[in-house]
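Okay, structure first, notes after.
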There are 2 protein chains.
Amino acid sequence: MANIQQVAQKAGVSVATVSRVLNNRASVRPKTRLKVENAIKELNYEPSMLGRNLRNSESRLLLVLIPSISNPFYTEIIKGIENIAIINNYNFLLCETDSNPQRENIYFNMVKNKLADGLISMDPTVNMQKLNELAESHPVIQCSEYDEDGTIPYVTIDNELAAYHAVKHLIKLGNENIALINSDEKYLYTRQRRKGYERALNEFHLPFRNEWMYNCEQLDFENGVHAMRMLLQLREKPSAVFAVSDTLAIGALKEINVSGLKVPGDIAVVGFDKISFSNMTNPTLTTIAQPMYKMGCTAANMLINRIKGNKVESIVLDHELIIRESTMG
Amino acid sequence: MANIQQVAQKAGVSVATVSRVLNNRASVRPKTRLKVENAIKELNYEPSMLGRNLRNSESRLLLVLIPSISNPFYTEIIKGIENIAIINNYNFLLCETDSNPQRENIYFNMVKNKLADGLISMDPTVNMQKLNELAESHPVIQCSEYDEDGTIPYVTIDNELAAYHAVKHLIKLGNENIALINSDEKYLYTRQRRKGYERALNEFHLPFRNEWMYNCEQLDFENGVHAMRMLLQLREKPSAVFAVSDTLAIGALKEINVSGLKVPGDIAVVGFDKISFSNMTNPTLTTIAQPMYKMGCTAANMLINRIKGNKVESIVLDHELIIRESTMG
DNA sequence: ATGAAAGCGCTAACAA
DNA sequence: TTGTTAGCGCTTTCAT
């Protein structure tokens with residue numbers, strides 16, 4: 001593999017001139033440029049980013065932390081990040097942490113070791129202390145889940161308001177007994193969405209029962225099935241369910257179906273996230289859409305700004321209620 | 001940010017000794033090692049991979065080409081790759097090509113530019129000529145889809161045999177009119193699976209009709225719905241459907257449901273891939289499971305071997321028929 | 001417009 | 001066991 005030296009030699013110029021051609025600097029005579037370009041072609045030369053990166057002390061690589069790549073929630077956000085990254089000539093590395101601190105550490109170290117120029121965390125299980133520590137000396141942005149007390153800039157939606165809208169929608173349809181299938185209270189968004197749920201119930205003076213609030217450890221299908229099974233065993237069954245993720249809601253849908261009840265006739269269901277599969281269920285799922293793509297773009301832009309050394313402010317984006325069959329008689 | 005020089009100075013040793021400590025070389029007196037370790041701690045030193053990588057002329061980064069990260073088909077394979085990568089102290093970059101040649105080029109260039117040490121392609125739409133070209137001078141492995149005529153090593157399953165098994169299963173259940181919802185014939189796996197379908201029909205002397213073979217451009221839900229709609233409009237309807245992907249099959253399921261027919265009572269359905277959602281449908285989906293995780297591990301091991309300069313041979317892995325509700329009365 | 005040379009941070013060959 | 005030094009491939013400053 002040829003290097004810049006050999007190109008310079010073959011073209012009969014200095015390495016500095018070759019570098020100038022490579023970087024499209026203006027101050028090169030067209031004739032010289034041509035000589036260099038020919039040499040590059042003849043030698044099949046490809047510049048090594050290893051040398052360039054060391055010299056410029058940058059890697060042009062961004063890290064994106066997610067708990068699991070199989071979670072469809074993240075796909076659109078990632079596309080947004082990718083889009084902005086590519087426009088700005090950055091690459092990005094999708095880092096699956098599996099909520100495993102060791103994995104997390106690998107990626108934190110990549111930033112510290114200059115293998116990456118910055119990091120976007122979308123992992124709600126991330127070690128906040130370590131993340132804050134990293135952010136002290138390196139560019140870090142949080143996307144979706146964030147630390148209320150920390151100083152790391154974030155992009156998110158108003159989770160409380162979104163939950164409030166979802167529950168209000170169910171109330172307006174005439175439901176009075178509304179259950180909440182929620183995530184673990186250790187997550188900020190869980191607490192925020194519960195608040196929104198409670199606010200809607202209070203506003204309409206509806207009954208509030210602890211047994212209608214079910215907390216799951218994971219946001220997956222099985223937990224949705226299980227949660228719904230529990231709710232259906234209650235003496236006083238809910239007539240509507242708000243699940244804080246579509247996968248949970250799809251699990252609930254399945255269990256309602258299995259038990260012989262109908263959605264939305266017997267029980268209405270609202271999910272959260274508008275994952276692509278939420279449109280493939282039977283019935284299709286009413287859900288809260290987050291502006292995923294925009295969120296990804298915003299996060300990436302914030303990070304790149306950070307890397308450039310600029311100050312960036314946190315941003316709260318709008319959500320939208322998507323009404324589909326699971327709440328339409 | 002401190003560098004190796006400053007550590008050496010603070011510890012009162014040479015940079016070579018610091019390097020030895022960093023790389024756990026044996027020939028360092030415990031006392032000296034301690035001095036260096038203290039200096040590292042005091043200065044909060046983190047070695048720069050930029051320097052190390054240039055010196056070692058390696059990036060320890062692997063590229064994984066996929067058409068779309070939102071395709072659940074790839075998740076388990078990726079986990080396999082990740083696992084092996086981490087064990088061997090490699091990182092990997094998930095590269096979404098969107099079947100866009102320009103994107104593809106970015107990633108090919110990363111390998112040429114030494115920003116990545118090798119590449120695993122899982123993209124059936126990849127430009128085979130360019131891939132073969134790259135493989136001439138750089139480590140490349142194909143996973144799942146491959147080039148029959150090329151010389152690039154690959155991991156895959158026996159697609160023809162898998163399709164044969166799926167169709168035979170439907171035949172054994174008493175089905176005689178079996179439709180095939182297939183992908184585009186430009187893909188090798190499409191042609192291979194069609195062959196398996198035809199072989200099973202031939203073996204049992206079953207009718208073969210062109211109108212029962214439906215080719216889709218994309219393997220998504222909407223195409224499955226559409227394909228099934230076409231099949232249901234035929235005068236002679238099939239009593240069973242083999243779809244070459246679960247997302248297609250789930251679309252077919254939906255359409256059958258909408259049309260008032262029952263699965264498997266009226267029409268039995270078999271999918272392909274065993275994506276996680278195939279277990280969440282109603283009824284659950286009979287499908288062909290590929291050893292995804294193993295496939296990923298195998299591909300990664302092959303690539304790392306390639307990078308080390310070893311010769312590697314292509315590998316064909318076993319598949320498995322997973323019988324679930326969509327074919328069980 | 002072009003070249004010479006320093007240096008980014010690290011590893012390893014060689015010397016001591 | 002430790003130090004000295006060259007050099008990985010590139011960019012950029014300073015001369016010319």
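So you know, we letter chains A, B, ... as the sequences are listed, proteins then strands, and number each from 1.
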Q) In Å and rounded to the nearest 0.5 Å, what is the CZ to CG distance from R103(B) to D123(B)? A) 12.0 Å
Q: Please work out if S27(A) contacts a base, only the sugar-phosphate, or nothing of the nucleic acid, heavy-atom cut-off 4.0 Å.
A: base
Q) Taking for each residue the nucleotide of DNA chain D with the nearest heavy atom, is it R55(B) or V13(B) whose nucleotide lies nearer the 5' end? A) V13(B)
Q: Grab the two heavy atoms, one from F73(A) and one from I275(A), that are nearest each other, plus how far apart they are.
A: N-CG2, 4.1 Å
Q | Least distance between heavy atoms, N91(B) atom then Y107(A) atom | A | ND2-CE2, 4.0 Å
Q) Between Q5(A) (CD) and dC10(D) (P), how many Å, whole number? A) 9 Å
Q.
Classify L54(A) by what it touches in the nucleic acid, base, sugar-phosphate, or nothing, heavy-atom distance under 4.0 Å.
A. base
**Q.** Net bend of the helix from dA1(C)-dT16(D) to dA16(C)-dT1(D), end axes of five pairs each, nearest 10 degrees
**A.** 40°
Q) side chain to side chain donor-acceptor pair (under 3.5 Å) with S99(A): which residues, sequence neighbours excluded? A) T125(A)
Q) What nucleic acid atoms does N56(B) come within less than 4.0 Å of, heavy atoms only: base, sugar-phosphate, or nothing? A) sugar-phosphate
Q.
Classify R25(B) by what it touches in the nucleic acid, base, sugar-phosphate, or nothing, heavy-atom distance under 4.0 Å.
A. sugar-phosphate
**Q.** Single hit among L22(A), V21(A), V28(A) for side-chain contact (heavy atoms from CB on, under 4.5 Å) with V36(A)
**A.** V21(A)
Q. Just checking S57(A): base, sugar-phosphate only, or nothing, at a heavy-atom cut-off of under 4.0 Å?
A. nothing
Q. Does S48(A) make a side-chain N or O approach to OP1 or OP2 of dG9(D) shorter than 4.0 Å?
A. no
Q. Can you tell me how far C1' of dG9(D) sits from CD of E46(A), to the nearest Å?
A. 14 Å
Q) What is the minimum heavy-atom distance between A39(A) and A11(A), and which atoms define it? A) CB-CB, 3.8 Å
Q) Is the closest side-chain heavy-atom distance between N83(B) and Y293(B) below 4.5 Å? A) yes
(Q) Does V18(A) reach a base, just sugar-phosphate, or nothing at all? Heavy atoms under 4.0 Å. (A) nothing
Q. Does atom CG of D184(A) have more than 12 heavy-atom neighbours, drawn from other residues, nucleotides or ligands, at distances under 6.0 Å?
A. yes
Q: Using a 4.0 Å heavy-atom cut-off across all strands, classify N23(A) as base, sugar-phosphate, or nothing.
A: sugar-phosphate
Q | Outermost DNA chain C nucleotides near chain B [under 4.0 Å, heavy atoms] | A | dG9(C) to dA13(C)
Q: Determine, for K130(A) against E104(A), whether the closest basic-nitrogen to carboxylate-oxygen distance falls under 4.0 angstrom.
A: no
**Q.** Upstream residue (5' side of DNA chain D) when V15(B) and A26(B) are each assigned their closest nucleotide
**A.** A26(B)
